[in-house]
Structures are given as C-alpha cells and as structure tokens.
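The first residue in the sequence is number 1, and the count goes up from there. Atoms within a ligand are numbered from 1 in the order they appear, just like the ligands themselves.
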Amino acid sequence: MKKKVLVTGGAGFIGSHLCRRLLSEGNEVICLDNLYTGSLDNLADLTVQPDFRFVKGDVREAFDYKVDQIYNLACPASPLDYQRDPVATANTSYLGAIHALELARKRGARVLQTSTSEVYGEPLIHPQKEDYRGNVNPIGIRACYDEGKRMAETLFFDYHRQYGTDIRVVRIFNTYGPRMRQEDGRVVPNFIMEALENKDITLYGDGNQTRSFCYVSDTVGALIRMMNTEDITGPINIGNPEEHTVREVAEMILEITGSASRIIHCPLPQDDPTRRRPDISLARKQLGWNPQVTLRKGLEETIAFFR
Ligand code: UDP
C-alpha cells in the first residue's frame, strides 16, 4: 500500500539511497534536509518524480507534514563533519528527535530513529549486543555525536512509554557505498580517493583497530524492514558482522584499485574505538534480515563510483 513517508536527512549518503528505494516501492516521499552534508546531486534523478518532494529545512526547527512514516536520519555522521560544529551536532540529534517524535505524535505516524554503534563507545564487550550499555566518554570529542544519539534513544523510549508513540530504533554500524562524499573524511572514501590519486594511504594509529562494514543497500533494506515490522521497537543492531582491521581495508582497496600508493601512519584520533562488530542475532530473528554484500564486492562497486 502506498504510504506517505518523510525522510529527514534524505539528501545524505544513506538517506538518498533510502528515498530512492522507497520511491521504487511505490511510496510518496518527502525529503527534508539542510544540505549541511547532504547534496542535491544525490537526488538528481529523483526530483523529476511526481511522488518526490525535496524541502530544504533543518530538524532543529519544528516541522509538520501529513505522513504515515518518518525516518529520522538527519545528523552529520562522519567524525570530521560532526566534530566541526559539535554544538550543532548535539542539537541536531536532540532537537531532531523531539521534532520527529512530536510530528509522529500529532499525526499518529510511525517514527524510526537511526541510532548508531557509537552508543557503545569504546566497547568492553565484543561483539556488541543490544543489551550492552556502552562505554562512552561523555566529555570527549566524539561525545557530541555519541551522547546526542544516546539522548535521542532516551527520548524515543520516553515518548513510547509516556505517549504510546509508535517507535522503531536501529543502531547502524559502519556503512559505506556509492554517494559517500569524496571529502567525507571516513575511512572508505579517504582510502579510495588516496588510492585512486596514488597518494599516501593515511592509516591512523597502527591500523589494528577493527570495524565491520555494511554495504549501503543492505543497510537500507534493514531500515525498511524494521519500519514495516509490527510489534517491535528495537533497539536493533544493523551492520555486517564481518570484522576487519583498518589495515586490511587499506590493503584490499590497494589491491582492487591496483594503486601505487604506500601506507603511512598518522596519529590515532582521540577516543577512536579499538574494536567494533555487531551481534546481529536480533535482526536475523526479528527482521529475517542478513547482509548480502561482501566487503570485496561492496568496495568494487564503491571504487567504480569514485572512479
Ligand atoms: N581511519 C584511518 N584513516 C582515515 C580515516 C579513518 O585509519 O583516513 C580509521 C579511524 O581511525 C577509525 C576507522 O578508520 O579507526 C574508521 O574511521 P571512520 O572515520 O570511518 O569511522 P568511525 O567508525 O571511527 O566512526
């Protein structure tokens, strides 16, 4: 059945893939984005579609649309971006959550919050399960994002308990794919651009820290499943449990691109988590979801896009 769907942050990397998928499944989509990290280029093919509407706006201010579903993605997600104006980042998470929840309450809509693996901070439990409460440094340089997203989760569950708001919360682990910005600052676009331009590969720290990378089509599939599953609130981890060291990612990108770049070591940023891997048993069981795209295949697609 055709639904009216609002996607905040819909001009961003994951948001634009989500808008595209929702439209292809026959829905009406409103995309709200302030274009801080999002871009109209990501939506170029969508703006001509009659069921798509782009609105330039900021979730730190209240918004009102007659919709059935709200996906709340608006927030810079790359450490480079979210640390540039940390006060704005914290406000975007906090006020964006309130405004999305107020709209859901007013319109009787279902609202999905895209939370993050960052709520686990520097995890002391590995892999991370949803019942792990995390180890976040509340005064560090990542806290504007981590604590902002934690506060948003709190608000979602308080609205659910206090007002009966129909909520869904997912915790997204590292996601990559086409339409990440070249200057995004995260590891995959950085390494790919460096490799393609035969520049030094900037490995932070010793490169033994791990991440688990999920291809964007898998992530988007999980968001849609979560939204359309009944009697569930989450939080549910969404990510690919295949864990790699950052050095392995650099080597794989060098191999696929055939680049002559060499790897150099740069200082490890403050509070950079040492290990990260989702336990996705809950997503498998409750959503029947499992990521399909291997890191190699996903990197090949992403490299083709960056070329
Ligand atoms: N990283 C790196 N070189 C880069 C960018 C990132 O070695 O040019 C490392 C970073 O220190 C971290 C991992 O790659 O350990 C993932 O960083 P990213 O910024 O992509 O996301 P995070 O998972 O830290 O939020």
(message) Under a 3.5 Å distance rule, please check whether Lys106 uses its side chain to pair with a backbone N or O of Asp64 as donor and acceptor.
(response)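 Side chain of Lys106 to backbone of Asp64, a donor-acceptor pair under 3.5 Å: no, none is there.
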(message) Determine whether a donor-acceptor pair (N or O, by modelled atom type, separation under 3.5 Å) exists between the side chain of His99 and the backbone of Val59.
(response)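 Side chain of His99 to backbone of Val59, a donor-acceptor pair under 3.5 Å: yes, one is there.
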Can you tell me which portion of [X] lies within the under-4.0 Å heavy-atom range of ligand 1? Options are side chain, backbone, both, or neither.
| X | value |
| --- | --- |
| Arg186 | both |
| Thr202 | both |
| Glu194 | neither |

Give me the nearest non-hydrogen protein atom to [atom] as residue plus atom name, then the distance to 0.1 Å.
| atom | value |
| --- | --- |
| atom 16 (C) of ligand 1 | Arg211 NE, 3.7 Å |
| atom 10 (C) of ligand 1 | Asp272 OD2, 3.3 Å |
| atom 7 (O) of ligand 1 | Tyr204 N, 2.8 Å |
| atom 17 (O) of ligand 1 | Val187 CB, 4.2 Å |

Between [X] and [Y], is any side-chain donor less than 3.5 angstrom from a side-chain acceptor?
| X | Y | answer |
| --- | --- | --- |
| Arg60 | Asn91 | no |
| Gln69 | Asn27 | no |
| Thr8 | Asn72 | yes |

(message) With a cutoff of 4.0 Å, is Glu118 in contact with ligand 1, counting heavy atoms of the residue only?
(response)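 Yes; Glu118 lies near enough to ligand 1 that a heavy-atom distance drops under 4.0 Å.
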(request) Not counting sequence neighbours, which residues clear side-chain hydrogen bond (donor to acceptor under 3.5 Å, both in side chains) with Thr92? List them please. (result)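 So Thr92 forms no side-chain hydrogen bond (donor to acceptor under 3.5 Å, both in side chains) with any residue.
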(message) Can you tell me how the ring of Tyr82 sits relative to the ring of Tyr145, calling it parallel under 30°, perpendicular over 60° and tilted otherwise?
(response)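 Plane angle under 30°, so parallel.
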(message) For Tyr132 and Tyr120, take the angle between the two ring planes, folded into 0 to 90°, and tell me which bin it lands in: parallel under 30, tilted 30 to 60, perpendicular over 60.
(response)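 Ring orientation, 0 to 90° scale: parallel.
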Under 4.0 Å from a heavy atom of [X]: which atoms of ligand 1 are those, numbered in the order shown and with their elements?
| X | result |
| --- | --- |
| Phe191 | 2 (C), 3 (N), 4 (C), 7 (O), 8 (O) |
| Arg276 | 22 (P), 23 (O) |
| Asn174 | 21 (O), 22 (P), 23 (O) |
| Leu203 | 7 (O) |
| Val246 | 7 (O), 13 (C), 14 (O) |
| Asn190 | 4 (C), 5 (C), 8 (O) |
| Arg142 | 22 (P), 24 (O), 25 (O) |

(message) For a 4.5 angstrom cut-off between non-hydrogen side-chain atoms, does Tyr71 reach Leu22?
(response)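 A side-chain contact exists here, since the closest heavy-atom pair is under 4.5 Å.
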(message) Here's one to test your reading of the geometry: is the NZ or CZ of Arg179 within 45 degrees of the ring axis of Phe13 and under 6.0 Å from its centre?
(response)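 Pair Arg179/Phe13 does not count as cation-pi.
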